[in-house]
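Encoded as structure tokens, the structure appears first; notes follow it.
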Amino acid sequence: MIKQIQQKFHQELKDLFPEKEINTFLYLLLEKIANLSRLDLVLFPDKKLDEKQISQFEKALHRLKNHEPIQYIIGETEFYGLKFIVNKNVLIPRPETEELVDWIIKDFQNFSDDFSILDIGTGSGCIAISLASKLKKADISAWDISAKALKTAKENAEINKVKINFQQKNILGISANFNKKYEVIVSNPPYIRELEKKEMQSNVLAHEPHLALFVKDDDALLFYREILKFAEKNLTKNGKLYFEINEYLPEEMKELIREFKVKKYEFKKDIFGKYRMMKIQF
Ligand SMILES: C[S@@+](CC[C@H](N)C(=O)[O-])C[C@H]1O[C@@H](n2cnc3c(N)ncnc32)[C@H](O)[C@@H]1O
């Protein structure tokens with residue numbers, strides 16, 4: 001019965017998570033495993049589950065105790081109102097990245113000509129795919145070094161019925177002499193320093209791909225430098241480069257862009273008032 005599952009989850013997770021969060025886990029799992037809503041839990045608490053469903057709940061409970069993010073357990077998440085498949089090969093898209101996407105959409109929604117966008121380090125494809133869903137005139141390419149991430153990103157593009165040109169590429173050491181120009185280059189590259197690890201939640205550290213997250217303490221802006229070099233040569237005349245940035249490093253970003261012929265730049269804070277985004281024009 002579903003009420004027994006509910007009791008068991010609360011009993012076994014109460015020392016690990018707040019009650020509200022346990023309820024959220026339950027609602028998401030009920031929907032995914034048994035196609036039932038939170039209202040069903042109230043109206044039909046005695047509803048029976050079959051053996052397969054009970055075993056799926058048991059497995060999910062075990063994974064939650066192991067601090068695995070619920071998004072990996074149910075295998076999906078929502079980003080910018082769209083559904084995305086997620087697994088251990090891709091970072092779980094974050095709300096601050098939705099703000100970055102929103103910034104680009106607002107800047108380009110009235111653009112009347114066709115234009116092209118490049119998303120560097122696409123992961124689940126969340127940035128490229130959300131942009132494609134709103135900016136119909138955009139021709140969008142997306143790169144990642146990880147073949148496994150790209151496989152998931154391609155599935156996400158199919159689910160969301162958009163066309164993206166995905167390519168496996170390593171941005172470090174890519175030649176700046178490229179044969180295409182973009183109106184927009186966007187990137188949320190790896191930017192967390194090893195020294196920030198100790199303040200991170202254990203569920204992120206243990207389960208999310210380190211390739212997507214970490215950089216060395218002594219060269220934290222490595223990806224930004226390489227992307228700036230590339231963008232300086234491969235943006236159109238009025239093209240724009242958008243970055244998600246490390247909230248602790250806006251000053252270092254200012255310092256870095258002095259190495260380039262930057263015409264204009266702008267920082268943007270997220271809803272929590274932290275410097276999280278940047279727009280640069282050459
Ligand atoms: C912070 S994640 C961002 C993922 C996604 N764009 C998002 O916003 O959720 C960084 C991504 O960069 C990719 N990446 C790491 N090193 C790379 C490299 N040298 N070249 C290209 N992509 C790389 C990782 O595989 C990961 O998918």
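Note that ligands are numbered from 1 as they come in the structure, with each ligand's atoms numbered from 1 the same way. Worth knowing before you read on, the calculation uses all heavy atoms, side chains too, and leaves out hydrogens, waters and symmetry mates. Bear in mind the structure is a predicted one, so any value in this text is a computation, not a measurement.
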Select the closest option to atom 3 (C) of ligand 1 among I92, I120, N188, T152, judged by heavy-atom distance.
-> N188
Pick whichever of L172, D119, T122 has a heavy atom sitting closest to atom 5 (C) of ligand 1.
-> T122
Step by step, would you call M253 with M278 a side chain to side chain contact (heavy atoms under 4.5 Å, CB included)?
-> CA-CA 9 Å; M253 285 299 300; M278 215 178 164; 3.8 Å; yes
Geometric class of the F214/H210 ring pair [parallel <30°, tilted 30-60°, perpendicular >60°] | perpendicular
Which of parallel (below 30°), tilted (30 to 60°) and perpendicular (above 60°) describes H67 and F17?
-> tilted
Can the ring centroids of [X] and [Y] be said to lie less than 6.0 angstrom from one another?
X	Y	answer
Y224	F243	yes
F230	W143	yes
F115	F108	yes

Run the numbers for me: atoms of ligand 1, each under 4.0 Å from some heavy atom of F223, listed by number.
-> 16 (N), 17 (C), 18 (C), 19 (N)
Atom indices of ligand 1, in the order listed, that fall short of 4.0 Å to a heavy atom of K169 | 20 (N), 21 (C)
Would [X] count as being in polar contact with ligand 1, using the rule that some N or O on each side must be under 3.5 angstrom apart?
X	value
I171	yes
N170	yes
G121	yes
D144	yes

So among T122, D144, N87, which one has a side-chain hydrogen bond (donor to acceptor under 3.5 Å, both in side chains) with T152?
-> N87
Side-chain H-bond candidate by donor/acceptor type, H207 with N66, under 3.5 Å = no
Is the NZ or CZ atom of K269 positioned over Y275's six-membered ring, under 6.0 angstrom from the centre and within 45° of the axis?
-> yes
Does ligand 1 have an atom under 4.0 Å from some heavy atom of S124?
-> no
Do me a favour and list the nearest non-hydrogen protein atom to [atom] with residue, atom name and distance?
atom	answer
atom 14 (N) of ligand 1	I145 CG2, 3.8 Å
atom 2 (S) of ligand 1	A212 O, 3.4 Å
atom 9 (O) of ligand 1	C126 SG, 3.4 Å
atom 15 (C) of ligand 1	L211 O, 3.4 Å

Between E76 and K32, is there a salt bridge with N-O shorter than 4.0 Å?
-> yes
A149, portion touching ligand 1 at heavy-atom distance under 4.0 Å = neither
Give the contacting part of T97 toward ligand 1: side chain, backbone, both or neither, where contact means a heavy-atom distance below 4.0 Å.
-> side chain
